S.K.: 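Pasting a structure here, questions to come.
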Amino acid sequence: MSPRAGLSRDRIVQAAAELADEIGFDNVTLSAIARRFGVRDPSLYAHVRNLHDLRKQVGLLAGAEMNDRIGLAVAGRSGKDALIAFADAYRAYALEHPGRYAATQIHMDPAEVADEPAMLRGIELTVSMLRGYDLADSDLTDAGRMLRSTFHGFATLEAAGGFAHSRPTDASWRHILDALHLTLSQWPSTSAEKDPR
């Protein structure tokens, strides 16, 4: 069977995800994927529209993988236990799969991905974990943004070797999670803000 006969959208996206971890997400091209399958670039267009489409699909694949890991970690947990499990799973995925993780950070047109299961599950996992802190609906977005900014910033800096201080990164991570738990436990509710009029 020729390599072309084995091509499918799923196989191409999986190969792109693997390549992203090997050489960096920004270095993934259609030509590089075609070479991996031993075909010419045009053979890929029956399965992916263009490089943007391929990168979006890698981001959705990686998001689904990451959500699966987080979902398993937080199952049956609440409050601080859920926060720690969520954060540890997030960090581990980002460090183990740097190219795939980078794909989860690209901008995607909300109209194109609004109904994608990976996007919906990511939101559901975050909201479910934050519900353990009794946050008002109006506070969930801000709290979610704080967590994402912290987890992303830490994992990205750690992966890049940005923490050269003698204090172990794991010790800092645990202390940061303690601080996040305290912050979430004492969250200043926007629902209590006074009407400026």
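Sequence positions, counted from 1, serve as the residue numbers for this chain. Please read these numbers as outputs of a predicted model, since none were measured by experiment.
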S.K.: Can the ring centroids of Tyr133 and His181 be said to lie less than 6.0 angstrom from one another?
M.R.: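 Judged by ring-centre distance (under 6.0 Å), Tyr133 and His181 do meet the cut-off.
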S.K.: Can you tell me how far OG1 of Thr126 sits from CZ of Arg148, rounded to the nearest 0.5 angstrom?
M.R.: 9.5 Å
S.K.: Are Leu177 and Phe151 side-chain neighbours, meaning at least one heavy-atom pair lies under 4.5 Å?
M.R.: yes
S.K.: So if you build clusters from Ile, Leu, Val, Met, Phe, Trp, Tyr with side-chain heavy-atom gaps below 4.5 Å, do Met119 and Tyr90 land together?
M.R.: no
S.K.: For the residue pair His97 and Tyr93, does the interplanar ring angle fall in the parallel (under 30°), tilted (30 to 60°) or perpendicular (over 60°) class?
M.R.: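 Because their plane-to-plane angle lies in the 30° to 60° range, the rings of His97 and Tyr93 count as tilted.
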S.K.: Quick one: pull up CZ in Arg11 and CZ in Phe37 and give me the separation to the nearest 0.5 Å.
M.R.: 4.5 Å
S.K.: Quick one: are Met146 and Leu184 in side-chain contact, heavy atoms under 4.5 Å?
M.R.: yes
S.K.: Mind checking what makes salt bridge (charged side-chain N to carboxylate O under 4.0 Å, His left out) contact with Arg49, not counting sequence neighbours?
M.R.: Asp53
S.K.: Could you verify whether a donor N or O on one side chain and an acceptor N or O on the other, from Trp187 and Asp134, lie under 3.5 Å apart?
M.R.: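 Per modelled atom types, Trp187 and Asp134 side chains form no pair under 3.5 Å.
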S.K.: Say you draw a straight line from CG of Leu147 to CG of Asp142; how long is it, rounded to the nearest 0.5 Å?
M.R.: 11.0 Å
S.K.: Determine whether the aromatic ring centres of Phe25 and Tyr101 lie less than 6.0 Å apart.
M.R.: no
S.K.: For the hydrophobic clusters of this structure (ILVMFWY residues joined by side-chain heavy atoms under 4.5 Å, transitively), does one cluster hold both Leu125 and Leu180?
M.R.: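 Yes, it is one cluster - the side chains of Leu125 and Leu180 are joined through contacts under 4.5 Å.
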S.K.: Mind checking what makes side chain to side chain contact (heavy atoms under 4.5 Å, CB included) contact with Glu22, not counting sequence neighbours?
M.R.: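 Result, side chain to side chain contact (heavy atoms under 4.5 Å, CB included) vs Glu22: Glu18, Leu19, Arg36.
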